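Here is the structure we will look at.
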Amino acid sequence: MPVVEAQHARPLPVLVLADVSGSMEQDKKIETLNNAVAGMIRAFAAEDTLYGEITVGVITFGGTGARLHQPFTPAPQVRWTPMSAGGRTPLGEALDIARNALEDEKAVPKRAFSPTVVLVSDGIPNDDWEPALERFLASRRGAGAVRLAVAVGPEAGGPAYQVLERFVANPAIPVVRTDEIDRVKDFFQWVTVSVSTRAHSGNPDDLSAFDSDELHDLTD
């Protein structure tokens, strides 16, 4: 009898852009964010999916610049290294790294499903971020991504909040704003459920069932 080759699940990328500037050292922000991301990765690793293999990448921006903290890796294979905070807020550099990471076909092959990209920040960028955002939104993967954002502290409508709105660039998806850092954990639990649901669906690229009502509920 002929040998039937096993069908490999297509990658379903999740990319987190994490603000690790000095202000994230306050009020256990970085500790809570580390725990939330680690919990999300553990939950993804426990999923037994047929259609979408969840891969996770993390980019940090702070300190002396932005860097790829966790290259795209299947969730069960990730060995999480906690992030540390300090320095300024180079969001533009992080967005360029994100665009390059998503365009790297070795990490995110053409057959991959549309990525989910999550931006977490508690302040205003202090580099030339606007051209970088335009480049990201104009890229194929950036434009096609489910883009989500969390404002840890900034007032709704303020300058820092508006930066995140421009990143999401979708009036149907609210920026989640929270004064309580523990709500970040709730947000990442929502991301976990949302991505896992996509991974188990027959067509993870079908976003018609995406419901943002719960994101409104998470906003303070």
Side-chain angles (χ1 to χ4, degrees), residues 14-34 36-37 57-69 83-102 115-139 141-188 190-191 212-220:
V14 177
L15 179 61
V16 178
L17 278 66
D19 182 346
V20 296
S21 59
S23 57
M24 289 292 289
E25 289 183 310
Q26 303 168 7
D27 303 320
K28 295 186 177 181
K29 292 179 186 178
I30 193 64
E31 177 183 342
T32 303
L33 180 57
N34 271 311
V37 173
V58 178
I59 293 169
T60 56
F61 55 102
T64 58
R67 71 184 187 93
L68 187 59
H69 179 83
M83 303 172 286
S84 58
R88 306 185 73 184
T89 315
L91 174 60
E93 186 178 349
L95 289 168
D96 278 335
I97 293 174
R99 177 172 52 84
N100 290 332
L102 290 170
T116 297
V117 184
V118 179
L119 173 58
V120 182
S121 184
D122 73 341
I124 300 174
N126 47 37
D127 64 353
D128 192 18
W129 62 273
E130 291 180 283
L133 178 59
E134 291 176 3
R135 289 190 291 269
F136 181 83
L137 294 178
S139 67
R141 288 295 188 188
V146 177
R147 297 182 303 278
L148 306 168
V150 183
V152 184
E155 292 294 331
Y161 186 90
Q162 291 174 359
V163 171
L164 302 184
E165 284 186 315
R166 290 178 62 179
F167 169 79
V168 173
N170 185 341
I173 299 178
V175 171
V176 174
R177 179 194 171 275
T178 178
D179 279 333
E180 298 179 12
I181 185 60
D182 285 344
R183 297 295 294 278
V184 170
K185 179 182 69 175
D186 297 334
F187 169 79
F188 274 95
W190 181 89
V191 172
S212 62
D213 288 346
E214 291 184 8
L215 290 178
H216 289 280
D217 295 339
L218 290 173
T219 298
D220 287 345

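Nothing here was measured: the structure is a model prediction, and the numbers come from that model. Heavy-atom basis, side chains included; hydrogens, waters and symmetry copies ignored. Throughout, residue positions are numbered sequentially from 1 according to the sequence presented.
Side-chain contact between Pro125 and Val163 is present, with at least one heavy-atom pair separated by less than 4.5 Å. Looking only at side-chain heavy atoms (C-beta outward), Leu102 and Pro115 come within less than 4.5 Å of each other. You'll find the side chain of Met83 reaches within 4.5 Å of the side chain of Ile30, heavy atoms only. Taking the side chain as every heavy atom from C-beta outward, Asp182 and Lys185 never approach each other to under 4.5 Å.
Shown here for Ala36 and Phe188, the closest heavy-atom pair between the two residues is CB-CD1, 3.8 Å. The nearest pair of heavy atoms linking Ala151 to Pro154 is C-CD, 3.8 Å. For Gly92 against Ala132, the heavy-atom pair with the smallest separation is O-CB, 3.3 Å. The shortest non-hydrogen separation linking Ser21 to Ala85 is O-CB, 3.5 Å. Closest non-hydrogen pair, Ala66 versus Ile97, comes out as O-CD1, 3.4 Å. Smallest separation of non-hydrogen atoms from Leu137 and Ala143: O-CB, 3.3 Å.
Shown here is Glu214, whose CD atom has no more than 12 heavy atoms of other residues, nucleotides or ligands within 6.0 Å.
Between atom CG of residue Leu133 and atom CG of residue Asp128 there is a gap of 11.5 Å, rounded to the nearest 0.5 Å. For the atom pair Thr89 OG1 and Asp127 CG, the distance stands at 8.5 Å (nearest 0.5 Å). The line from CG of Leu119 to CZ of Phe136 is 9.0 Å long, rounded to the nearest 0.5 Å. Rounded to the nearest 0.5 angstrom, Glu25 CD and Ser84 OG are separated by 8.0 Å. Going from atom CD1 of Ile181 over to atom NZ of Lys28 covers 11.5 Å, rounded to the nearest 0.5 Å. Taking CD from Glu155 and CG from Asp179, the interatomic distance works out to 6.5 Å, rounded to the nearest 0.5 Å.
Under the 3.5 Å distance criterion, the side-chain polar atoms of Asp122 are left unmatched by any main-chain donor or acceptor of Val152. Of the possible donor and acceptor atoms, none in the side chain of Asp27 sits under 3.5 Å from a partner among the backbone N and O of Lys29.
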- prompt: When you look at Trp190 and Leu148, which way does the side chain to side chain contact (heavy atoms under 4.5 Å, CB included) test go after all the steps?
  reply: CA-CA 11 Å; Trp190 181 89; Leu148 306 168; 3.7 Å; yes
field: Phe167/Val175 under side chain to side chain contact (heavy atoms under 4.5 Å, CB included): CA gap, chis, key distance, verdict
entry: CA-CA 9 Å; Phe167 169 79; Val175 171; over 6 Å; no
- request: For side chain to side chain contact (heavy atoms under 4.5 Å, CB included), just list the numbers for Phe61 and Leu95, CA-CA rounded to whole Å, side-chain angles, deciding distance to a tenth of an Å, and then say yes or no.
  value: CA-CA 9 Å; Phe61 55 102; Leu95 289 168; over 6 Å; no
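Pairs passing the side-chain hydrogen bond (donor to acceptor under 3.5 Å, both in side chains) check and including a residue from residues 92-102, sequence neighbours excluded, read Asp96-Arg99, Asp96-Arg135.
No option in Val120, Asp19, Val150, Val16 other than Val120 meets the side-chain contact (heavy atoms from CB on, under 4.5 Å) test with Leu33.
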